Engineer: 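The structure is given below, and queries will be raised subsequently.
The shown structure was predicted, so the numbers you read here are calculated from the model rather than taken from an experiment.
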Amino acid sequence: MNKPLVLLRAPVLTLSGYGTHARQIGDWLLQLDKAGKIDLVCEALFWGNTTWIVDIERDTLIKELMPRCRSVPRKPDVSVQLQLPNEWDPKIATVNVGVSAAVETDVAPTEWVTACEQMDRVVFPSKHSMTSIINAGWKPRDGQVHVVPESFPDALLRSDVDTSALDPLPPFTFLVFGQMTVQESLISCDRKNIFNTVKWLLEEFAGDKEVGILIKTNMGRNTTFDAYHTENALEHIRKAAQASKANKQLPELHMIHGDMPEVDVAALYKHPNVKALVTATRGEGFGLPILEAAACDLPVIATGWSAHREFLELGRYIDLPCAVQTIPRERVDGRIFVARAKWAEVTETDFKRRIRKFRESSSIPREWAMDLGKKIRAKYCREAVIAAWDAVLGPLVRGES
């Protein structure tokens with residue numbers, strides 16, 4: 001009997017959040033392939049304008065997935081498609097599984113309801129992303145929908161991570177991690193809310209020479225050209241903060257840009273002078289950097305709404321009070337963000353009050369972080385998430401059901 005042919009249709013070679021998610025699914029399917037349970041073929045997709053990985057030696061997973069990015073020899077028995085729901089093809093294989101983080105707001109486009117109805121199974125990384133389509137009118141069939149989270153990389157578990165390349169960092173450094181999703185002229189539309197997060201940190205700690213900001217960011221790509229525009233955007237933020245604090249020195253602002261090995265990313269969370277990850281995000285479909293920070297026992301200061309709460313509330317974190325409001329008209333595109341959609345808005349006053357309190361006394365939040373980290377490492381490690389994928393889809397892709 002022939003082994004089931006499984007197609008992974010996803011942006012497996014892109015440097016993006018969806019790319020990371022795709023490679024996690026690919027990791028699970030590769031294990032089944034190498035065990036002789038399936039034949040795996042990948043269709044590598046674009047993801048927006050994000051950069052592609054071209055170095056086959058980048059890591060073991062890329063080295064194993066890249067040769068499987070080839071033409072499909074026949075109609076697949078099963079497809080696993082990680083895309084926006086309206087991009088899924090419900091007829092490409094005999095059985096079709098759609099995977100998506102959907103949209104970060106509270107409601108998705110109504111067209112996505114039809115897309116979900118046409119798939120045999122649908123998997124989301126969070127209850128929040130699943131609910132966005134249910135709120136649009138989708139009524140899943142029994143056994144049709146599942147939630148399988150993302151995992152943090154094994155490198156975060158290493159005890160020998162070298163953080164010296166980041167030196168010198170100010171003694172009390174805040175980490176900001178996320179992509180700028182719009183130009184600086186549209187800061188109210190920036191889903192990650194990077195502009196306000198950085199500006200408010202600069203303003204609140206103006207004159208405090210011990211505070212710094214370490215930001216890992218880009219504006220969509222990991223190119224030199226993108227780095228230039230990202231630096232200009234951060235300079236725009238710095239000038240805006242300086243204008244409100246004309247007589248005070250602003251905290252140091254250190255930018256990290258470009259593709260990094262996982263062990264170097266781990267160093268961002270593990271540097272002894274990095275005291276917290278802070279994000280005033282307006283919405284997350286999952287929130288992988290937040291998960292990674294928590295897995296490293298780093299205190300998290302984050303908006304108290306959307307998907308990241310699902311893992312942060314395994315313990316305690318510093319939540320930023322917020323109001324769920326209709327998204328700006330300029331953000332509406334009719335394709336992903338619809339006019340009635342809402343996301344979270346953190347006020348400047350609440351943000352600054354919470355980070356000031358953390359600056360003055362961080363010992364208890366550090367205790368919270370250590371307790372939460374233990375739970376995160378148990379539930380969201382690579383092995384646990386692979387097991388979750390196998391529990392919900394293993395029999396299907398192996399042709400056992």
Side-chain angles (χ1 to χ4, degrees), residues 15 17 20 51 55 58-59 152-180 192 194-195 197-202 204-206 208-219 221-224 226-235 237-238 241 249-281 287-302 317-318 355 358-359 362-363 365-366 369-370 373 376-377:
L15 290 168
T20 299
T51 306
D55 181 8
R58 180 180 183 268
D59 56 55
F152 62 84
D154 289 345
L156 270 60
L157 299 173
R158 290 175 52 172
S159 59
D160 61 342
V161 174
D162 183 5
T163 64
S164 62
L166 296 171
D167 292 334
L169 285 178
F172 206 100
T173 294
F174 290 93
L175 174 63
V176 179
F177 198 134
Q179 180 180 313
M180 298 181 186
K192 295 282 189 179
I194 297 293
F195 295 89
T197 299
V198 174
K199 181 174 181 287
W200 294 341
L201 283 168
L202 289 170
E204 181 61 20
F205 297 112
D208 189 336
K209 295 181 180 179
E210 291 194 342
V211 171
I213 303 168
L214 175 65
I215 179 167
K216 173 69 172 74
T217 190
N218 61 55
M219 299 190 78
R221 297 180 66 81
N222 286 286
T223 63
T224 302
D226 186 274
Y228 171 79
H229 284 286
T230 303
E231 287 178 350
N232 283 345
L234 289 175
E235 182 60 25
I237 297 170
R238 173 176 279 281
Q249 181 178 345
L250 298 181
E252 294 180 16
L253 180 59
H254 301 265
M255 185 186 85
I256 304 290
H257 184 280
D259 185 27
M260 298 173 65
E262 290 176 347
V263 69
D264 290 344
V265 174
L268 303 179
Y269 306 118
K270 291 175 175 286
H271 193 286
N273 290 3
V274 172
K275 303 304 182 183
L277 174 83
V278 58
T279 173
T281 181
L288 187 56
I290 304 173
L291 179 82
E292 293 175 346
C296 292
D297 294 342
L298 185 66
V300 171
I301 305 172
Y317 72 105
I318 300 174
I355 61 170
F358 178 80
R359 169 71 175 107
S362 61
S363 58
R366 286 201 300 269
M370 292 179 68
I376 293 289
R377 289 190 293 275

Engineer: Does a salt bridge link Asp259 with Arg58, judged by any charged N lying under 4.0 Å from a carboxylate O?
Structural biologist: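 The answer is yes: the pair qualifies as a salt bridge.
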
Engineer: Roughly how far, to the nearest 0.5 Å, is the NE2 atom of His271 from the OG1 atom of Thr173?
Structural biologist: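 Rounded to the nearest 0.5 Å, the OG1-NE2 separation comes to 7.5 Å.
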
Engineer: At their closest point, which heavy atom of Ala294 faces which heavy atom of Ile376, and how far apart are they?
Structural biologist: CB-CG1, 4.0 Å

Engineer: Say whether, by atom type as modelled, one donor and one acceptor occur between the side chain of Arg377 and the main chain of Ala295 under 3.5 angstrom.
Structural biologist: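 Between the backbone of Ala295 and the side chain of Arg377 there is a qualifying donor-acceptor contact (under 3.5 Å).
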
Engineer: Are Phe177 and Ile215 side-chain neighbours, meaning at least one heavy-atom pair lies under 4.5 Å?
Structural biologist: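 They are not in side-chain contact.
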
Engineer: Between Lys270 (side chain) and Leu156 (backbone), is there a donor-acceptor pair under 3.5 Å?
Structural biologist: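 Present.
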
Engineer: Drop me the distance from Met219's CE to His257's NE2, to the nearest 0.5 angstrom.
Structural biologist: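 Those atoms lie 9.5 Å apart.
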
Engineer: Do you know the tightest heavy-atom contact between Pro365 and Pro299?
Structural biologist: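 The answer is O-CG, 4.1 Å.
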
Engineer: Closest heavy-atom contact between Ala241 and Leu250?
Structural biologist: CB-CD1, 4.1 Å

Engineer: Between atom CG of Leu175 and atom CD of Glu292, what is the distance when rounded to the nearest 0.5 Å?
Structural biologist: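 One finds 10.5 Å between CG of Leu175 and CD of Glu292.
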
Engineer: Check whether Thr217 reaches the backbone of Gly178 with its side chain - one donor and one acceptor, N or O, closer than 3.5 Å.
Structural biologist: yes

Engineer: Please determine whether side chain to side chain contact (heavy atoms under 4.5 Å, CB included) holds for the pair Phe172 and Phe205, giving the CA-CA distance in whole Å, both sets of side-chain angles, and the decisive distance to 0.1 Å.
Structural biologist: CA-CA 11 Å; Phe172 206 100; Phe205 297 112; over 6 Å; no

Engineer: Checking Leu268 against Lys216 for the side chain to side chain contact (heavy atoms under 4.5 Å, CB included) test, could you report, in this order, the C-alpha distance in whole Å, the side-chain angles of both residues, the deciding distance, and whether it holds?
Structural biologist: CA-CA 9 Å; Leu268 303 179; Lys216 173 69 172 74; 4.1 Å; yes

Engineer: Determine yes or no for a side-chain-to-main-chain donor-acceptor pair under 3.5 angstrom, with Thr197 supplying the side chain and Ala280 the backbone.
Structural biologist: yes

Engineer: Could you tell me whether the side chain of Thr51 and the main chain of Asn222 form a donor-acceptor pair under 3.5 Å?
Structural biologist: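 Side chain of Thr51 to backbone of Asn222, a donor-acceptor pair under 3.5 Å: yes, one is there.
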
Engineer: Given side chain to side chain contact (heavy atoms under 4.5 Å, CB included), test Phe152 with Leu157 step by step and report yes or no.
Structural biologist: CA-CA 9 Å; Phe152 62 84; Leu157 299 173; 3.7 Å; yes

Engineer: Answer whether the closest heavy-atom distance between the side chains of Pro170 and Val211 falls below 4.5 Å.
Structural biologist: no

Engineer: Answer yes or no: is there a donor N or O on one side and an acceptor on the other, between the side chain of Lys275 and the main chain of Arg359, under 3.5 Å?
Structural biologist: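 No; zero donor-acceptor contacts below 3.5 Å.
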
Engineer: Which atom names give the shortest non-hydrogen contact between Ala155 and Ala266, and what distance separates them?
Structural biologist: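 Closest heavy-atom pair between Ala155 and Ala266: O-CB, 4.0 Å.
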
Engineer: Once rounded to the nearest 0.5 Å, what's the spacing between atom CG of Leu201 and atom CZ of Phe174?
Structural biologist: 6.0 Å

Engineer: When rounded to the nearest 0.5 angstrom, what distance separates CD1 in Ile194 from OG1 in Thr281?
Structural biologist: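 Between atom CD1 of Ile194 and atom OG1 of Thr281 there are 8.0 Å.
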
Engineer: Where is the tightest heavy-atom contact between Val274 and Leu298, given as atom of each residue plus distance?
Structural biologist: O-CD1, 3.4 Å

Engineer: Measure the shortest side-chain to side-chain distance between Ile301 and Thr279 over non-hydrogen atoms and say whether it is less than 4.5 angstrom.
Structural biologist: no

Engineer: Should Val300 and Ile318 be marked as a side chain to side chain contact (heavy atoms under 4.5 Å, CB included) after you check the CA-CA gap, both sets of side-chain angles, and the distance that decides it?
Structural biologist: CA-CA 6 Å; Val300 171; Ile318 300 174; over 6 Å; no

Engineer: Tell me the closest heavy-atom pair linking Asn218 and Gln179, and the distance in Å.
Structural biologist: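 Of all heavy-atom pairs spanning Asn218 and Gln179, the closest is OD1-CG, 3.1 Å.
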
Engineer: Looking at CG of Leu214 and OH of Tyr269, how far apart are the two atoms once the value is rounded to the nearest 0.5 Å?
Structural biologist: 10.5 Å

Engineer: Can you confirm whether the side chains of His229 and Glu231 place a donor and an acceptor under 3.5 Å from each other?
Structural biologist: no

Engineer: Is Gln249 atom CD crowded by more than 12 heavy atoms from other residues, nucleotides or ligands, each under 6.0 Å away?
Structural biologist: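 Count not over threshold, so no.
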
Engineer: Counting N and O atoms only, with roles assigned by atom type, does the side chain of Asn273 sit under 3.5 Å from a partner on the main chain of Leu169, one being a donor and the other an acceptor?
Structural biologist: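 Yes; judged by distance alone, with no hydrogens or angles, the pair exists.
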
